[in-house]
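Because the structure is predicted, anything quoted here is derived from the model rather than measured.
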Amino acid sequence: MSSTEEKGQALPEKEAPPAFEGEPVGTVRARDTEDFLTRNGLNFKSFQRRPVAEGDIIDSLDRSMRGRHLQMIAIGGSIGAGFFVGSGGALRVGGPGWVLIDFLIVGIMMFNTVYALGELAVMYPVSGGFYTYSTRFIDPSWGFAMGWNYVMQWAVVLPLELTVCGVTVGYWNKEINVAVWITIFWLFIVGVNVFGTLGYAEEEFWSSCLKLAATVIFMIIALVLVVGGGPEGSRYDHYTGAHLWYDPGAFKNGFKGFCAVFVTAAFSFSGTELVGLAAAEARNPVKSLPGAIKQVFWRITLFYVLGLFFVGLLVPHDDPGLIGAADQAYADANTSPFVLVGKHANLHGFDSFMNVIILVSVVSIGVSAVYGGSRTLTALAQQGYAPKFFSYIDRSGRPLYSVIFLLAFGPLAYVNLDADGPTVFNWLLALSGLAALFTWGSICLAHIRFRIAWKRQGHTLDEIPFRAIGGIYGSILGLFLNVFVLIINLYIAISPVGEDVNTAEGFFMAYLALPVVILFWIGGFIWKRTGWLKTDQIDVDSGRRELPWDEIRAYRERLAAMPAWKRIFHTVFV
């Protein structure tokens, strides 16, 4: 093998996902050659198809995201309704003990999953992100299933988030029909997508800053309330500590409570993988992606785990205000445990403040739904796994028809005006939550298969610029936990909390994602007639990014010369 190949020189693709090479300094991107209005999608010319450069087979999305965008997408991008509102339902079903344990388990699973994704994304920064790794390293038919499963996941999340937006605003004014707010927020999401990738990136950056700041503020206030610093006459005007873990208790419904919380936990972490998808549109992912991946540690430990730990210390699992209680069957801001803390503490205005944060979070996830779904659909079309017109990219860099397709699912939120609201919410929650588990498991399996093929074909770990902190064993653990969560959710779908055997409707409501994935897998096999790839069939060389190896080696030498504590700090956090 030549020295050029050892350093990651990109080779011509053969039936592999389209790759983005390293972008030389001074490169003029197609989007930047347009005038201001066209570049930002503000005139009719911007909707025209972008001319394909000479020698290119397909056009690619723009690489206009900056490092700060990736950082905030990684650390705060997926904090939404599942965390702020759905966690209340998890608390009611499982109690604070199971909530803490389940979120920790899913956090460990996501930590390893995202690191595996980071390693692959730096090596192969392809349009469409992680699902293409399933196509390349596992099975093209399974990659087809994962791509369409991911599109469908975000397609159902969008109306769900719009519905929650509507009822969240109803916290202040219930006289205005929810349909009005659904329409307003849907139009807002349409407006954000007019600005394409940068519209999503900027919206995510500022909304993530706000969400993270609010969560830190909540935890500071929660600490004060736990030690008895609440206003006189409130529930927290005396030291309570871990009282609620004893009365009414930390672990509700036994093993079934433990199992039932996982659906909410999985849904709450949905979107964590978007940082890998966004890497294909970053200006310098080799430099910015590893740092962004490492920020996931902070989100898991500081915001999810510590935030929900405080919630469990302040809100009892039998609180009548939690979602699923007798008078609170539907998820809205009133059922958020974060809002309930403000009410119980008699902190006037704090409940409204948290409600605003919930609203921002929900809108943010709605924007992410269109971004994640549309970029994946465009990649499917570019590889012949979806109708070709979805590969259309306009002059401003938007995958126009894919964005329109995802936005078209938004009006499904109006179904809630006449249908049984809780039923619709639960169908969408279960489908989108479990769908993410298949995606995450596939990322781990793709990384395992990549490492095996990489070693068998004579490569060494030193040739990998950014390595998953747990290596192949971290991905094995991540895959095991994904399968474990799917199995125990199957158990709870068959025998839910409070019942011996579920009904057929209840089972499919809880486990609809499995038959959907199987149908997509069968469809992919019929379409492509391909099966499981043997290790020797896996191509680990084509499409590899050309990397600045002199800089990478210099950094590794500086890292090796550091004291042990500093080396660990840089490896995990920087």
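Crowding of W172 atom CH2: a count of heavy atoms from other residues, nucleotides or ligands under 6.0 Å exceeding 12.
Formation of a donor-acceptor pair under 3.5 Å by the N355 side chain with backbone atoms of T168 is found in this model. Using modelled atom types, no side-chain atom of S208 and backbone atom of F205 make a donor-acceptor pair closer than 3.5 Å. In this structure, Y304 contributes its side chain and S268 its backbone to a donor-acceptor pair below 3.5 Å. At least one donor-acceptor pair under 3.5 Å links the side chain of K256 to the backbone N or O of P496. With hydrogens and angles ignored, the 3.5 Å screen pairs no side-chain donor or acceptor of N253 with any backbone N or O of V497. In this structure, the side chain of R398 does not engage the main chain of N193 through any donor-acceptor pair within 3.5 Å. Side-chain N or O atoms of S234 include one that pairs as donor or acceptor with a backbone N or O of P231 at under 3.5 Å. With Y236 contributing its side chain and L314 its backbone, the two residues share a donor-acceptor pair below 3.5 Å. Counting only distance, with no hydrogens or angles, the side chain of S364 and the backbone of V360 share no donor-acceptor pair below 3.5 Å. A donor-acceptor pair is defined here as one N or O able to donate and one able to accept, closer than 3.5 Å; such a pair exists between the side chain of Y511 and the backbone of L486.
Proximity of the aromatic rings of F310 and F218 is defined here by a centroid distance below 6.0 angstrom, and this criterion is not met. For Y115 and F111, the ring centers sit closer than 6.0 Å to each other. Note: F103 and F309 fail the aromatic proximity criterion, with ring centroids not under 6.0 Å apart.
Put simply, OG1 on T113 and CG on L479 are 8.5 Å apart, with the number rounded to the nearest 0.5 Å. Separation of atoms CE (M152) and OG1 (T376) is listed at 12.5 Å; rounding is to 0.5 Å. Between the CG atom in L437 and the CG atom in N149 there is a gap of 10.0 Å [rounded to 0.5 Å]. Within the model, atoms CG of L91 and CG of L100 stand 11.5 Å from one another, a figure rounded to the nearest 0.5 Å. Distance check: T163 OG1 to L160 CG gives 6.5 Å after rounding to the nearest 0.5 Å. Annotation: the span from C259 atom SG to I488 atom CD1 amounts to 4.5 Å, rounded to 0.5 Å.
The shortest heavy-atom contact between V85 and P337 is O-CD, 4.2 Å. Scanning all heavy atoms of the two residues, the minimum distance from G249 to P96 falls at O-CD, 3.6 Å. Residues K252 and H317 come closest through the heavy atom pair CD-ND1, 3.4 Å. The minimum heavy-atom distance between L412 and P159, with the atom names listed, is CB-CB, 3.8 Å. Taking each heavy atom of V93 and A260 in turn, the nearest pair found is CG1-CB, 3.5 Å. Here the shortest heavy-atom pairing between F195 and G191 reads CD1-O, 3.5 Å.
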Dump the intermediate steps for side chain to side chain donor-acceptor pair (under 3.5 Å) on Y150 and E273, then the final yes or no. CA-CA 11 Å; Y150 198 67; E273 71 289 337; 2.5 Å; yes

Just do the side chain to side chain contact (heavy atoms under 4.5 Å, CB included) check on V370 and W154 with the steps written out, would you? CA-CA 7 Å; V370 178; W154 286 122; over 6 Å; no

Dump the intermediate steps for side chain to side chain contact (heavy atoms under 4.5 Å, CB included) on M219 and V224, then the final yes or no. CA-CA 9 Å; M219 288 191 289; V224 173; over 6 Å; no

Going through the distances and angles, do V169 and L359 end up as a side chain to side chain contact (heavy atoms under 4.5 Å, CB included)? CA-CA 8 Å; V169 178; L359 184 60; 4.0 Å; yes

Residue pair V156, F409: steps toward the side chain to side chain contact (heavy atoms under 4.5 Å, CB included) verdict: CA-CA 7 Å; V156 300; F409 281 83; 5.8 Å; no

Should Y414 and T183 be marked as a side chain to side chain donor-acceptor pair (under 3.5 Å) after you check the CA-CA gap, both sets of side-chain angles, and the distance that decides it? CA-CA 9 Å; Y414 295 121; T183 303; 2.5 Å; yes

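Note: F251 and W245 have perpendicular aromatic rings, judged against thresholds of 30 and 60 degrees for the angle between ring planes. Below 30°, between 30° and 60°, or above 60°: for F258 and F262 the angle between ring planes is above 60°, a perpendicular geometry.
Inter-residue side-chain proximity for F338 and I357 is flagged as unmet; no heavy-atom pair is nearer than 4.5 Å. Inter-residue side-chain proximity for V403 and R375 is flagged as met; some heavy-atom pair is nearer than 4.5 Å. Between W98 and I101, the closest side-chain pair of non-hydrogen atoms falls below 4.5 Å. Counting only heavy atoms from C-beta outward, the side chains of L313 and T240 never approach each other to under 4.5 Å. Residues T378 and Y401 fail the side-chain proximity criterion, which asks for heavy atoms closer than 4.5 Å. Considering only heavy atoms from C-beta on, C165 comes within 4.5 Å of V363 through its side chain. Between W181 and L162 there is no side-chain heavy-atom pair separated by less than 4.5 Å. The shortest distance between side-chain heavy atoms of H447 and I443 does not fall below 4.5 Å.
Of the options I358, V164, V362, a side-chain contact (heavy atoms from CB on, under 4.5 Å) to F84 is made by I358 and by none of the others.
Salt-bridge annotation for D319 and K343: absent, with no side-chain N of the basic residue lying under 4.0 Å from a carboxylate O of the acidic one.
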